[in-house]
Asks: 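Quick one: the structure is below, and I'll ask about it shortly.
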Amino acid sequence: MHGFANPARFLRLARWMTPLLLVTGLVLVAGSLAWGLFYAPADRLMGETVRILYIHVPSAWLGMGGWTTIAIASLVELVWRHPLATIAARAAAVPGAVFTAICLATGSIWGRPTWGTWWVWDGRLTSMLVLLFLYFAYLALANAAQKDGIGAGSRVTAIFGLVGAINVPIINRSVVWWNSLHQPASITMGKSAIDPAFLWPLLICALGFSLLFGGVVLARMRAILADFQAEARLRRRAQRELATGRAMSSVEGAAT
Amino acid sequence: MNEGLDHWPFVIAAYVIGIGGTLAMVVWSWIAMRRAEARRDAAKGRK
């Protein structure tokens, strides 16, 4: 793992992996959503609204996956002080927040015809909304820390990333711990209560969205890394020019 | 399930938000990456 923390090695990998993940993800998402929208059957109870789940469920997984990525990268940053872990955590925050927002919006749209309401303050929906607010707070903290460079502010952001991870198991278990309109998990490790006619487009869609998530994280990591490198080069250049200017003025002072 | 509602407007709204949000994020991240790498290369060029 330490080998991948080398920025030059990371860039060599990311240069070909970013377009590969994005293009493959787009193809899989387009194909599976067309499958879900036009070829998958309507559900006996949910009717046509079952098609919303091909977007809602992968978004929910990736919203939680985004914070899990932040927590793991924050732990690596705090324990091994890898600068790339800091960058990875920051890069995962935006796609995580976007997928959480999509999950909340599509869930609300699904809830109106299915439950008869846009929103209920139950455990699953509320903890997912808390996750969105945690993402906003993390992004604000990370932006403030970025102005100070990678230092004490970055460690505060990493600690927040770790502490916020407590919400992920709460979201996961919320339908078990509290009474909820939201149904319990239909897919668990190695088991599924979903008919294959719905399951296959859902799994392919989840794979496609996951590849897009990975591609966006790599693109954002490259952007953050390039910004750091450009800033470091400009700073070195300014210091060189300052040193040259001082030397010139001291030579001129000695001559007069 | 509410039998009186036409489901398709809800399905279309969810797909527009889901696909639109995802595409906007992908395009924004790609453009931000290209711009940042161009800035870095420009800084490298100015010796």
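Chain letters run A, B, ... following the sequence lines, proteins first and then strands; every chain starts at 1. These numbers were taken from a predicted model, which means no experiment stands behind them.
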Asks: Give, as side chain, backbone, both or neither, the part of A:Leu62 having an atom under 4.5 angstrom from any heavy atom of chain B.
Replies: neither
Asks: At a heavy-atom distance under 4.5 Å, which candidate from B:Gly21, B:Ser29, B:Gly18 has the highest pair count against chain A?
Replies: B:Ser29
Asks: Please flag which part of A:Ile52 lies under 4.5 Å from any non-hydrogen atom of chain B: side chain, backbone, both or neither.
Replies: both
Asks: So what's closer than 4.5 Å to chain B heavy atoms on A:Phe213: side chain, backbone, both or neither?
Replies: neither
Asks: Out of A:Val29, A:Leu26, A:Leu33, return the one with the most heavy atom pairs under 4.5 angstrom to chain B.
Replies: A:Leu33
Asks: Based on non-hydrogen pairs under 4.5 Å, which of A:Arg51, A:Gln229, A:Met221 is most in contact with chain B?
Replies: A:Arg51
Asks: Of the backbone (N, CA, C, O) and the side chain (C-beta and beyond), which part of A:Leu225 lies under 4.5 Å from a heavy atom of chain B, both, or neither?
Replies: neither
Asks: For A:Ile224, is it the side chain, the backbone, both or neither that has a heavy atom under 4.5 Å from a heavy atom of chain B?
Replies: neither
Asks: Spell out, as yes or no, whether a donor-acceptor pair under 3.5 Å connects the side chain of B:Asp6 to the backbone of B:Pro9.
Replies: no
Asks: Determine the minimum heavy-atom distance between A:Phe209 and A:Pro58, stating which atoms define it.
Replies: CD1-CB, 3.8 Å
Asks: Please rank A:Thr106, A:Ile55, A:Leu22 by heavy-atom pairs under 4.5 Å with chain B and give me the top one.
Replies: A:Ile55
Asks: Restricting to non-hydrogen atoms, name the atom on A:Cys103 and the atom on A:Met128 that form the minimum distance, rounded to 0.1 Å.
Replies: SG-CE, 3.9 Å
Asks: Are A:Tyr138 and A:Trp67, when compared by the centres of their aromatic rings, separated by less than 6.0 Å?
Replies: yes
Asks: Any chance you could measure A:Leu139, atom CG, to A:Arg90, atom CZ, to the nearest 0.5 Å?
Replies: 10.5 Å
Asks: Can you give me the closest heavy-atom contact between A:Tyr135 and A:Gly63, atom names plus distance?
Replies: OH-O, 2.6 Å
Asks: Between A:Trp118 and B:Phe10, how do the two ring planes meet: parallel, tilted or perpendicular, split at 30° and 60°?
Replies: tilted
